[in-house]
Amino acid sequence: MAEITAKLVKELREKSGAGVMDAKKALVEVDGDIEKAIELLREKGMAKAAKKADRVAAEGLTGVYVSCNIAAIVEVNSETDFVAKNAQFVELVNETAKVIAEGKPANNEEALALIMPSGETLEAAYVSATATIGEKISFRRFAVVEKADDQVFGAYQHNGGRIGVITVLSGSDEDLAKHVAMHVAAMKPSVLSYKELSEEFIHDELAQMNHKIDQDNESRAMVGKPALPHYKFGSKLQLTDEVIAQAEEDIKAGLAAEGKPEKIWDKIIPGKMDRFMLDNTKVDQQYTLLAQVYIMDDSKTVEAFLESQGVTIAGFTRFEVGDGIEKAANDFESEVAATMAAALGQN
C-alpha cells in the first residue's frame, strides 16, 4: 500500500479544496492515487464544495448555546443573507454551538474534529452543507465561556442572529444579565475596562478624535461659531493622580478668578471634576463597556448602574457576523447577476 504522506495530502487539498481528514481518507481508499481521490471526493459531493472555496462568505449567523455553567458562541458564514435564513443552515448553526459547548475545544482544529449529531465530523458537516445548500458555508470562529455557580449568563442575539452576546455577571439575575448583553449588542464595546486598552491605542484614537474636531472647527469658523477645544486626554489610563490633582487646582483657580467665595467651592468642585472626567475619557466611553452610558438608564454609566444594583460583571463576548471580513468586489451576488446578464444577452 502506498504511503500517504503529508505532502500528498497537501497536494490533494490544493487540487480539491477538501479538508485534511477527508483528503487523507480519500487517499487511503484509493491507495494514494491523486486523480482517483479527486474523483472520489467529487462523487461524495466534496469536490462540489471545493469549487466554492475561493468565494467570500461574509453573511451568516451567530449561534449561542447555554447549559449550566458552560456557554458557547459561534459564527457561521454563508455567501448570502438569503441562505442564512435557510432552515438547514440555522439548524447547523445551533447544532454547532451545542457541540462546541459540550466538547470545549481549544481551537478551530479541535472544533472541526468534533462529532455532530449526524455522526460526521463538524468539518465534514460543513462540506456536506456547502454541497447541498449550494453555496460556501464556513465555520469561522467560536468562544467557550465558563462561569461559577454563583454567577449567571446573559445570552442575547440581535438583528436576526447577526449579533450574538454572552455576558457573565455576579450578584445578578438572568434578566439583568440579558439586559447588559443587549447593551453590548447595541453599543459594541471592545473590552470591559480601560485597563485593557493600550497607551498606543488611546493615543491613536485621541488623535483621530482631535482631527475630527479640527474638521468641525473649519465649518464652525465659516459661520462665525467659536472653535471647539481639543481633548487633552482620552482615558482613565492617562489620568494619573498628578493629572487629577492639577485639574482640581485649575478648577479652584478658575473659581477664584470668577470671584466665587471659597465657602461654596466644595459644592461646585465635585460637579466640575465629574465634567473633567467625562470630557477626558472619550476613548473609554467608545470602547469600554463600563464607561459607556447604559442604554437602559442613560443617567448612569454601565459601571455606575451595576454598582447601584450590587452587581459586578466578569466579562462579555460579542460576535457580529462578518467582522473583519472584506467582501470581494466580485462577490456571489455580482457573480449571479453577471451570469444572468450573459444568459439574457445570448437570447
Side-chain angles (χ1 to χ4, degrees), residues 167 169-172 176 179-180 183-184 186-221 223-316:
T167 58
L169 276 67
S170 297
S172 173
L176 175 55
H179 283 168
V180 176
H183 172 99
V184 172
M187 301 307 293
K188 202 175 182 178
S190 302
V191 294
L192 183 63
S193 162
Y194 71 92
K195 296 175 183 177
E196 298 171 70
L197 299 177
S198 70
E199 291 184 8
E200 182 181 4
F201 177 82
I202 295 166
H203 178 272
D204 291 346
E205 289 299 315
L206 193 58
Q208 290 186 38
M209 289 180 178
N210 284 332
H211 176 63
K212 178 65 166 59
I213 289 174
D214 288 338
Q215 292 177 318
D216 290 345
N217 283 340
E218 289 179 8
S219 300
R220 293 173 70 87
V223 293
K225 290 185 177 181
L228 299 171
H230 277 183
Y231 298 122
K232 189 174 181 181
F233 304 103
S235 170
K236 278 187 178 181
L237 198 66
Q238 299 172 310
L239 302 182
T240 62
D241 292 342
E242 292 78 7
V243 169
I244 292 174
Q246 185 60 56
E248 189 166 345
E249 288 303 313
D250 291 343
I251 290 170
K252 289 178 179 178
L255 293 174
E258 293 172 16
K260 301 286 186 183
E262 285 192 41
K263 64 182 180 182
I264 67 169
W265 285 9
D266 287 346
K267 295 180 180 179
I268 299 173
I269 291 174
K272 287 188 173 291
M273 285 301 296
D274 286 346
R275 186 73 226 182
F276 172 82
M277 297 296 289
L278 189 66
D279 288 343
N280 288 280
T281 55
K282 296 297 183 182
V283 176
D284 293 352
Q285 292 164 41
Q286 183 170 347
Y287 293 102
T288 73
L289 173 60
L290 293 176
Q292 292 180 335
V293 173
Y294 187 39
I295 59 173
M296 303 295 179
D297 181 354
D298 60 11
S299 69
K300 297 181 178 70
T301 62
V302 172
E303 183 173 28
F305 177 81
L306 293 179
E307 285 179 353
S308 73
Q309 303 297 308
V311 171
T312 58
I313 180 166
F316 70 89

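Index from 1, following the sequence.
Within the 4.5 Å cutoff, no side-chain heavy atoms of Val180 are placed close to those of Val311. Residues Leu255 and Ile269 have side chains in contact (heavy-atom distance under 4.5 Å, counting atoms from C-beta outward). Side-chain atoms of His179 and Ile295, non-hydrogen and from C-beta on, never get closer than 4.5 Å to each other.
A search for ring-ring contact (aromatic ring centres under 6.0 Å, His included) contacts involving Tyr231 returns nothing, not counting sequence neighbours. Among residues two or more places apart in sequence or in another chain, the ring-ring contact (aromatic ring centres under 6.0 Å, His included) test is passed with Phe316 by none.
The NZ atom of Lys195 lies 9.5 Å from the CG atom of Leu290; values are rounded to the nearest 0.5 Å. Atoms CD1 and CG, on Ile202 and Leu237 in that order, are 4.5 Å from each other to the nearest 0.5 Å. Note that CD of Glu303 and CG of Leu289 are 9.5 Å apart. Values are rounded to the nearest 0.5 Å. For the atom pair Ser193 OG and Ile313 CD1, the distance stands at 11.5 Å (nearest 0.5 Å). Rounded to the nearest 0.5 Å, atoms CE (Met277) and CZ (Phe233) are 11.0 Å apart. Remark: His203 NE2 to Leu197 CG distance equals 15.0 Å, nearest 0.5 Å.
For His211, the NE2 atom sits in a loose shell: 12 or fewer heavy atoms of surrounding residues, nucleotides or ligands are nearer than 6.0 Å. Around atom CD of Glu199, no more than 12 heavy atoms belonging to other residues, nucleotides or ligands sit under 6.0 Å away. Few gaps surround CD on Gln215; more than 12 heavy atoms of other groups in view lie less than 6.0 Å from it. Annotation: Lys272, atom NZ; neighbour count of heavy atoms from other residues, nucleotides and ligands within 6.0 Å does not exceed 12.
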(request) Might you work through the side chain to side chain contact (heavy atoms under 4.5 Å, CB included) test for Val293 and Met187, ending with a clear yes or no? (result) CA-CA 9 Å; Val293 173; Met187 301 307 293; over 6 Å; no
(request) Decide side chain to side chain contact (heavy atoms under 4.5 Å, CB included) for Val283 and Met209; before the verdict, give the C-alpha distance in whole Å, the side-chain angles of both, and the deciding distance to 0.1 Å. (result) CA-CA 9 Å; Val283 176; Met209 289 180 178; 4.0 Å; yes
(request) Start with the C-alpha distance between Arg220 and Asp216, add both sets of side-chain angles, then the distance that settles salt bridge (Lys or Arg N to Asp or Glu O under 4.0 Å), and finish with yes or no. (result) CA-CA 6 Å; Arg220 293 173 70 87; Asp216 290 345; over 6 Å; no
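A distance-only check finds a donor-acceptor pair linking the side chain of Thr240 to the backbone of Val243 [under 3.5 Å].
Asp250 and Gln246 form a side-chain donor-acceptor contact under 3.5 Å, judged by distance and modelled atom types alone.
Below 30°, between 30° and 60°, or above 60°: for Phe305 and Tyr294 the angle between ring planes is between 30° and 60°, a tilted geometry.
Asp284 and Lys236 make their closest contact through OD2-N, 2.8 Å (heavy atoms, listed as atom of the first residue, atom of the second, distance). Across every non-hydrogen atom of Met273 and Ile251, the tightest pair is SD-CD1, 3.4 Å. Residue Ser235 comes nearest to Tyr194 through the heavy atom pair OG-CB, 3.7 Å, listed as atom of the first residue, atom of the second, then distance. Minimum interatomic distance between Leu278 and Gln285 (heavy atoms only, all atoms of both residues): O-NE2, 2.8 Å. Taking each heavy atom of Ile213 and Leu228 in turn, the nearest pair found is CG2-O, 3.6 Å. For the pair Gln286 and Gln292, the tightest heavy-atom approach, listed with the atom from each and the gap, is O-NE2, 3.2 Å.
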